[in-house]
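Residue numbering restarts at 1 for every chain, and letters A, B, ... go by the order of the sequence lines.
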Number of protein chains: 2
Amino acid sequence: MAVTIKDIARQAGVSPATVSRVLSGQTEFYSEKTAKKVKKTAKKLGYQKNTAAVELVTRRSKVIAVIVSSTQTNFSDQIIDGIQQEARQHDLNVIILYAGEKDPQMERKALETVIERSVMGILLVAVDLNPANEDLLVNANIPYQFLSITLKNRKLPFITSDDFQIGYQATKYLVDKGHSEIGFAAADLNSVTGQLRLDGYRQAMADNGLQLNSAWVLGGDFAYEDGVNAMKQYGREPEVTAVIASSDLAAIGVMNQAQDYGLRIPADLAVMSVDGTKLCSIVRPQLTSVTQEFFEMGVRGMQRIINQPAKAAKSTFTPFKIIARQSV
Amino acid sequence: MAVTIKDIARQAGVSPATVSRVLSGQTEFYSEKTAKKVKKTAKKLGYQKNTAAVELVTRRSKVIAVIVSSTQTNFSDQIIDGIQQEARQHDLNVIILYAGEKDPQMERKALETVIERSVMGILLVAVDLNPANEDLLVNANIPYQFLSITLKNRKLPFITSDDFQIGYQATKYLVDKGHSEIGFAAADLNSVTGQLRLDGYRQAMADNGLQLNSAWVLGGDFAYEDGVNAMKQYGREPEVTAVIASSDLAAIGVMNQAQDYGLRIPADLAVMSVDGTKLCSIVRPQLTSVTQEFFEMGVRGMQRIINQPAKAAKSTFTPFKIIARQSV
DNA sequence: TAGTAAAACACAAACGTTTGTGATATTGAT
DNA sequence: ATCAATATCACAAACGTTTGTGTTTTACTA
């Protein structure tokens with residue numbers, strides 16, 4: 001039913017081969033005159049190319065797949081923006097798939113969907129694959145890149161912030177502001193990311209000769225609720241005078257709960273968040289944060305895919321900085 | 001390089017046809033025994049189906065495309081969740097494409113990408129196509145559905161909230177609370193959505209015998225900044241005692257700016273937002289909102305696509321309700 | 001004007017799958 | 001044991017492109 005290049009060929013009085021070369025932007029094998037003619041009849045007939053056929057014969061596609069864990073946090077927008085920008089410059093299409101929340105089933109489904117379509121590259125943001133899915137990805141022979149996550153498996157290339165340094169610098173920042181009882185909240189302590197931040201936090205405490213109470217470190221899943229729960233643990237008269245929350249939303253959670261307890265921020269309690277999304281400047285008091293360069297992660301991820309097809313790249317860090325606002 | 005059904009056929013000693021029927025879940029034309037054998041060798045060889053080939057011959061695909069305007073607001077997540085739920089139940093894949101911010105170029109690109117792939121259906125959330133792109137979509141002969149937007153062109157099916165009623169009920173709610181000077185802020189007054197809400201607002205004012213000052217209605221683009229700008233217009237000693245902001249973010253904008261002016265909410269100024277995303281309960285004071293059922297929009301949109309292939313559906317409304325929190 | 005090189009084009013195979021139909025094997029009834 | 005009916009399978013065409021190579025036309029040189 002749909003119009004094909006054969007229809008165009010017939011109408012324009014040329015061969016399908018010529019139509020193909022004209023329409024796919026090749027420069028050889030035809031004259032300007034026939035090119036004009038072909039393009040005109042293509043437009044007249046309302047031709048839409050059949051990508052399935054194209055990909056079948058060329059065995060490659062111009063789409064980049066982004067698989068994101070439908071995360072509680074909201075930084076993925078920034079990463080995707082970076083990806084889009086780079087994609088646009090290279091005339092690539094990007095499609096986004098949600099892989100749920102630690103849901104191996106959905107992850108597998110998403111992976112299969114994009115592998116079956118033999119996309120040009122796969123960017124995984126904040127998703128931690130189980131071994132089976134990891135195999136699936138690796139064996140697909142499609143360039144891939146993990147973003148905003150640090151993996152146990154060091155063979156897999158990832159681009160993220162240096163989580164140890166995030167923990168360290170955040171802590172140091174608070175110490176420099178005079179705090180010595182510092183909480184560490186809402187990070188997923190089972191994840192490498194959470195573990196590294198915790199390590200950094202511990203190291204910074206130690207380096208400054210500060211004792212730390214294990215009750216000050218409270219795990220979670222980077223979610224808003226984890227922030228409020230942490231604050232509930234700290235209590236109405238918290239021992240800590242400052243807390244590092246491992247996401248913006250979590251930080252808001254601790255702020256809200258603290259305020260419900262009648263605590264004033266930052267006077268009675270300083271709170272520091274990590275991520276630095278727009279949320280930080282929208283809430284009151286505005287959140288002082290460790291701000292990550294998510295956009296840049298997206299950009300670099302795409303560049304990796306484009307420049308190093310299949311070749312395994314090393315993992316790298318993207319810079320971060322501490323932005324002082326009002327909450328400490 | 002990749003393993004095909006021919007490879008499997010050879011290894012298993014059957015024909016490609018049989019392999020195809022086994023692997024694609026058909027029930028006829030083969031015995032249990034050969035099915036077992038085929039599946040085993042398929043797994044052994046690490047077979048991945050080539051979707052391009054499948055779609056080429058079957059001329060249909062199991063993917064639903066969601067095109068979203070990379071909106072300032074954040075309700076699209078909820079819509080997408082609804083879509084995903086329904087997709088999962090019908091074993092469909094969903095891919096998401098960003099179409100920028102009122103960017104006809106990107107919209108066209110996104111449309112072409114999905115049309116060329118002849119997806120099974122196209123869901124457009126909060127995107128308002130220009131006429132050219134509208135044609136592109138309509139002529140593609142693929143089921144489509146607009147979500148969370150009301151269109152000038154009534155021929156195009158959309159599912160959204162009744163924006164007139166949103167404006168009307170929000171206003172009425174405030175009037176019932178004793179307000180008579182009510183601002184209307186941050187809606188895009190060039191959009192049908194904004195216009196309808198404004199109409200509803202006006203009607204409610206009139207129905208209650210209230211005069212309205214044209215200075216009270218301030219346009220925008222549903223963004224945070226539009227909220228703060230609106231509040232700046234209202235000034236330190238605003239004539240209005242309540243304002244309806246057309247998005248959660250915008251509402252937060254007016255709250256913040258109002259507080260910067262030393263106004264207390266809701267004592268000095270009541271603010272009401274429309275959308276009702278999680279943001280409302282995260283900010284302090286919590287936002288009283290007109291809460292839309294975005295998830296439901298996604299669900300219904302998918303159902304439309306699934307049940308009414310190609311047939312033009314009527315536009316319908318999804319319910320909304322007013323949720324009282326702290327800001328009025 | 002004849003000859004030749006290059007430009008313009010057409011042919012046909014190939015990509016990996018699905019599916020209608022024809023061929024063969026199996027089963028059951030008599 | 002014979003036959004029909006059915007179950008199991010293989011053949012081959014088709015989907016819409018791309019692309020290597022062969023063929024014709026054009027343009028240029030001498």
Taking the side chain of [X] as heavy atoms from C-beta outward, which of [options] is closest to it?
X        : options                   : value
Ser20(B) : dT17(D), dT18(C), dC15(D) : dT18(C)
Val54(A) : dG16(D), dT17(D), dC9(D)  : dT17(D)
Lys49(A) : dT18(D), dA8(C), dC15(D)  : dT18(D)
Thr18(B) : dC9(C), dA10(D), dG16(D)  : dA10(D)
Thr58(B) : dT17(D), dA8(C), dT18(C)  : dT18(C)
Ile5(A)  : dT18(C), dC9(D), dT17(D)  : dT17(D)

Under 4.0 Å between a side-chain N/O of [X] and OP1 or OP2 of [N], yes or no?
X        : N       : answer
Ser15(B) : dA10(D) : yes
Tyr30(B) : dT19(C) : no
Arg59(B) : dA14(D) : no

How many Å lie between [atom1] on [X] and [atom2] on [N], as a whole number?
X        : N       : atom1 : atom2 : result
Glu28(A) : dC9(C)  : CD    : C1'   : 13 Å
Gln26(A) : dT18(D) : CD    : C1'   : 8 Å
Arg10(A) : dG16(D) : CZ    : C1'   : 13 Å
Lys36(A) : dA8(C)  : NZ    : P     : 13 Å
Arg60(B) : dC15(D) : CZ    : C1'   : 13 Å
Asn50(B) : dG16(D) : CG    : C1'   : 14 Å
Leu56(A) : dT19(D) : CG    : P     : 12 Å
Asp7(B)  : dC15(C) : CG    : P     : 11 Å

### Message
Please encode protein proximity along nucleotides 20-26 of chain C as a string of B, S and -, counting only heavy-atom distances under 4.0 Å.
### Response
BB-----
Please tabulate, one pair per line, each protein N/O and nucleotide N/O from nucleotides 4-6 of chain D that are separated by under 3.5 Å, including the distance.
none

Not counting sequence neighbours, which residues clear side chain to side chain donor-acceptor pair (under 3.5 Å) with [X]? List them please.
X         : answer
Arg88(A)  : none
Asp128(B) : Lys152(B)
Gln26(B)  : Ser24(B)

### Task
Using a 4.0 Å heavy-atom cut-off across all strands, classify Thr51(B) as base, sugar-phosphate, or nothing.
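It contacts nothing in the nucleic acid.
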### Message
What's the angle between the local helix axes at either end of the helix from dT1(C)-dA30(D) to dT30(C)-dA1(D), using five pairs per end and rounding to 10 degrees?
### Response
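Nearest ten degrees gives 40° for this helix.
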### Query
Which residues pass the side chain to side chain contact (heavy atoms under 4.5 Å, CB included) test with Lys39(A), sequence neighbours left out?
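Val22(A), Leu23(A).
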### Task
Taking side chain to side chain contact (heavy atoms under 4.5 Å, CB included) as the test, write out the residues that go with Lys33(A), two or more places apart.
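Lys33(A): side chain to side chain contact (heavy atoms under 4.5 Å, CB included) contacts with Ser31(A).
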### Task
Hey, could you give me each pair passing salt bridge (charged side-chain N to carboxylate O under 4.0 Å, His left out) that has a residue in residues 89-98 of chain A? Not counting sequence neighbours.
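Output for this query lists Lys62(A)-Asp91(A), Asp91(A)-Lys109(B).
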### Message
Looking at Glu55(A) and Arg117(B), is there a salt bridge between them, counting it only when a charged N and a carboxylate O are closer than 4.0 Å?
### Response
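Looking at Arg117(B) and Glu55(A), the cut-off is met.
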### Set of residues satisfying salt bridge (charged side-chain N to carboxylate O under 4.0 Å, His left out) with respect to Arg300(A), sequence neighbours excluded
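Only Glu296(A) meet the salt bridge (charged side-chain N to carboxylate O under 4.0 Å, His left out) criterion with Arg300(A).
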### Message
Restricting to salt bridge (charged side-chain N to carboxylate O under 4.0 Å, His left out), what partner residues turn up for Glu134(A), sequence neighbours left out?
### Response
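In terms of salt bridge (charged side-chain N to carboxylate O under 4.0 Å, His left out), with neighbours along the sequence ignored, Glu134(A) is linked to no residue.
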### Query
Side chains of Thr41(B) and Gln11(B): donor-acceptor distance under 3.5 Å anywhere?
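Side-chain D/A pair, Thr41(B) to Gln11(B): absent.
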#### Entry: Non-hydrogen side-chain atoms of Leu136(A) and Ile115(A) separated by less than 4.5 Å
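Sidechains of Ile115(A) and Leu136(A): in contact.
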### Task
On DNA chain D, check which nucleotide each of Thr4(A) and Glu32(B) is closest to and give me the residue with the more 5' one.
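Closest to the 5' end, via its nearest nucleotide, is Glu32(B).
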### Query
Taking the side chain from Asn93(A) and the backbone from Ala110(B), do they hold a donor-acceptor pair closer than 3.5 Å?
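Between the backbone of Ala110(B) and the side chain of Asn93(A) there is no qualifying donor-acceptor contact (under 3.5 Å).
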### Query
Phe146(B): what forms a ring pair (Phe, Tyr, Trp, His ring centres under 6.0 Å) with it, not counting sequence neighbours?
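If we apply the ring pair (Phe, Tyr, Trp, His ring centres under 6.0 Å) test to Phe146(B), skipping adjacent residues, there are no hits.
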